[in-house]
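When a residue number appears, it is its place in the shown sequence, counting from 1.
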Amino acid sequence: MTQPPVPSERGAEVGRRIGVGLMYGLWRPRVLGGWKVPATGPVIFAVNHSHNIDGPMVMGVAPRPTHFLIKKEAFTGPLDPFLTGIGQLKVDRSIADRAAITQALGVLENGGVLGIFPEGTRGEGDFASLRAGLAYFAVRSGAPIVPIAVLGSSGRGGRLIKGLPPLRSRVDVVFGDPFDAIEGVRSSDTGGGGRRAGGSGRRTRKALDEATARIQKQLTRHLENARRLTGRQATLE
């Protein structure tokens with residue numbers, strides 16, 4: 001079976017430039033900690049998800065082009081070739097989508113940036129319920145995770161378009177310190193002596209569960225810090 005090609009960074013860079021124009025044109029993003037993103041090498045962005053603009057917002061303000069895993073339902077009509085053309089990855093959330101998994105790992109193997117909404121779907125955006133996908137990609141690739149909190153995208157809708165934040169309102173995007181998902185996981189569970197490179201260790205259920213717990217702790221801590229830093233409370237975003 002022919003595997004789909006790994007999306008090009010050039011396409012994702014086109015998407016980033018489109019995002020820059022749209023996000024800064026429609027709203028007033030305030031970016032904090034963008035300098036923390038490693039300048040080169042594979043990176044996983046772990047983004048909270050409370051609104052449909054969260055992904056495009058991160059794409060537009062991040063210092064590097066990003067390939068997001070996006071539910072296949074978004075790839076409808078003209079959006080299908082557009083999202084594919086700007087390097088985004090279509091994933092079927094109802095199955096273990098091997099094509100999407102292969103493409104996502106290919107992005108990381110090529111030293112690119114993979115964007116993931118670890119909660120799996122849009123919700124409260126508080127990282128309260130994480131799926132195992134983020135841990136799998138982090139353990140398998142050895143790529144560091146950069147937590148990202150998008151604050152201000154949810155809450156009251158705008159006057160012109162109720163489903164979007166008010167035009168020219170401020171949206172905060174806070175980048176956190178990169179961290180390693182497998183730090184503290186015993187080498188007997190990873191099979192690789194705690195090594196990150198290449199993801200050569202065994203991805204046992206126990207190792208992934210421990211990595212998921214560590215990731216959730218780090219993401220929740222980052223979100224709390226981001227709210228304090230921006231002066232936003234969970235109910236007043």
OG1 on Thr66 to CD on Glu9, rounded to 0.5 Å: 9.5 Å
Taking Val31 as the starting point, is it possible to reach Val174 by hopping between hydrophobic residues whose side chains are less than 4.5 Å apart? no
For His49 and His51 the tightest heavy-atom approach is CE1-O, 3.1 Å
If I compare all heavy atoms of Met57 with all of Pro29, which pair ends up nearest, and what's the gap? SD-CG, 3.7 Å
Phe45 side chain near Val37 side chain, heavy-atom distance below 4.5 Å: yes
When you measure from the side chain of Trp27 to the backbone N and O of Leu22, does any donor-acceptor pair fall under 3.5 Å? no
If you measure from the Lys or Arg side-chain nitrogens to the Asp or Glu carboxylate oxygens, is any gap between Glu13 and Arg16 under 4.0 Å? yes
Rounded distance (nearest 0.5 Å) linking atom CG of Leu134 with atom CD1 of Ile215: 4.0 Å
With a 4.5 Å cut-off on side-chain heavy atoms, are Asn225 and Arg228 touching? yes
How many angstroms lie between CD1 in Ile86 and NE2 in His67, if you round to the nearest 0.5 Å? 10.5 Å
Heavy-atom closest contact (Ala104 atom, Phe137 atom, distance): CB-CE2, 3.6 Å
With a 4.5 Å cut-off on side-chain heavy-atom distances among I, L, V, M, F, W and Y, is there a chain of contacts connecting Leu32 to Val61? no
Are any of the side-chain heavy atoms of Gln218 and Arg221 separated by less than 4.5 Å? yes
Output yes when a side-chain donor or acceptor of Asp92 lies under 3.5 Å from a complementary backbone atom of Ser94, and no otherwise. yes
Using a 4.5 Å cut-off on heavy atoms from C-beta on, say whether the side chain of Arg93 contacts that of Lys72. no
What is the distance from atom OG1 of Thr204 to atom CG of Asp209, rounded to the nearest 0.5 Å? 8.5 Å
Could you check if a side-chain atom of Arg214 sits within less than 4.5 angstrom of a side-chain atom of Phe179, using non-hydrogen atoms only? yes
Classify the ring geometry between Phe68 and Phe117 as parallel (under 30°), tilted (30 to 60°) or perpendicular (over 60°). parallel
Can you give me the closest heavy-atom contact between Tyr24 and Arg168, atom names plus distance? O-NH1, 2.9 Å
Between Asp172 and Arg232, is a side-chain contact (heavy atoms from CB on, under 4.5 Å) present by the stated rule, with each step listed? CA-CA 9 Å; Asp172 293 321; Arg232 295 183 184 269; 2.7 Å; yes
Mind running side-chain contact (heavy atoms from CB on, under 4.5 Å) on Lys36 and Val146 for me, showing each step along the way? CA-CA 8 Å; Lys36 296 180 180 180; Val146 172; 5.8 Å; no
Exceeds 12 heavy-atom contacts within 6.0 angstrom, atom CZ of Arg98: no
So does Pro165 get a backbone contact from the side chain of Ser169, meaning a donor-acceptor N/O pair under 3.5 Å? no
How long is the gap from NE2 on His222 to CG on Leu229, to the nearest 0.5 Å? 9.0 Å
side-chain contact (heavy atoms from CB on, under 4.5 Å) between Leu151 and Leu223, intermediate numbers included: CA-CA 9 Å; Leu151 304 174; Leu223 185 58; 4.0 Å; yes
Show your reasoning for whether side-chain contact (heavy atoms from CB on, under 4.5 Å) applies to Arg28 and Val171. CA-CA 6 Å; Arg28 295 187 296 117; Val171 178; over 6 Å; no
Tell me whether Leu105 is reachable from Ile44 by hopping between hydrophobic residues (I, L, V, M, F, W, Y) whose side-chain heavy atoms are closer than 4.5 Å. yes
Between Gln103 and Pro7, is there a side-chain heavy-atom distance shorter than 4.5 Å? yes
So, Asp80 and Lys90, do they make that salt bridge, N to O below 4.0 Å? yes
Atom pair CG/CG of Leu114 and Leu69 - distance to nearest 0.5 Å: 5.0 Å
Leu108 and Ser141: which non-hydrogen atoms are nearest, and at how many Å? CD1-OG, 3.4 Å
Would you say the side-chain atoms of Asn48 pair up with the backbone N or O of Val150, donor to acceptor, closer than 3.5 Å? yes
How far apart are the closest heavy atoms of Ala135 and Ala211, and which atoms are they? CB-CB, 4.0 Å
May I ask you to test the Val113-Val107 pair for a side-chain heavy-atom distance under 4.5 Å? no
Please tell me if the side chains of Val43 and Pro38 come closer than 4.5 Å, counting only heavy atoms from C-beta onward. yes
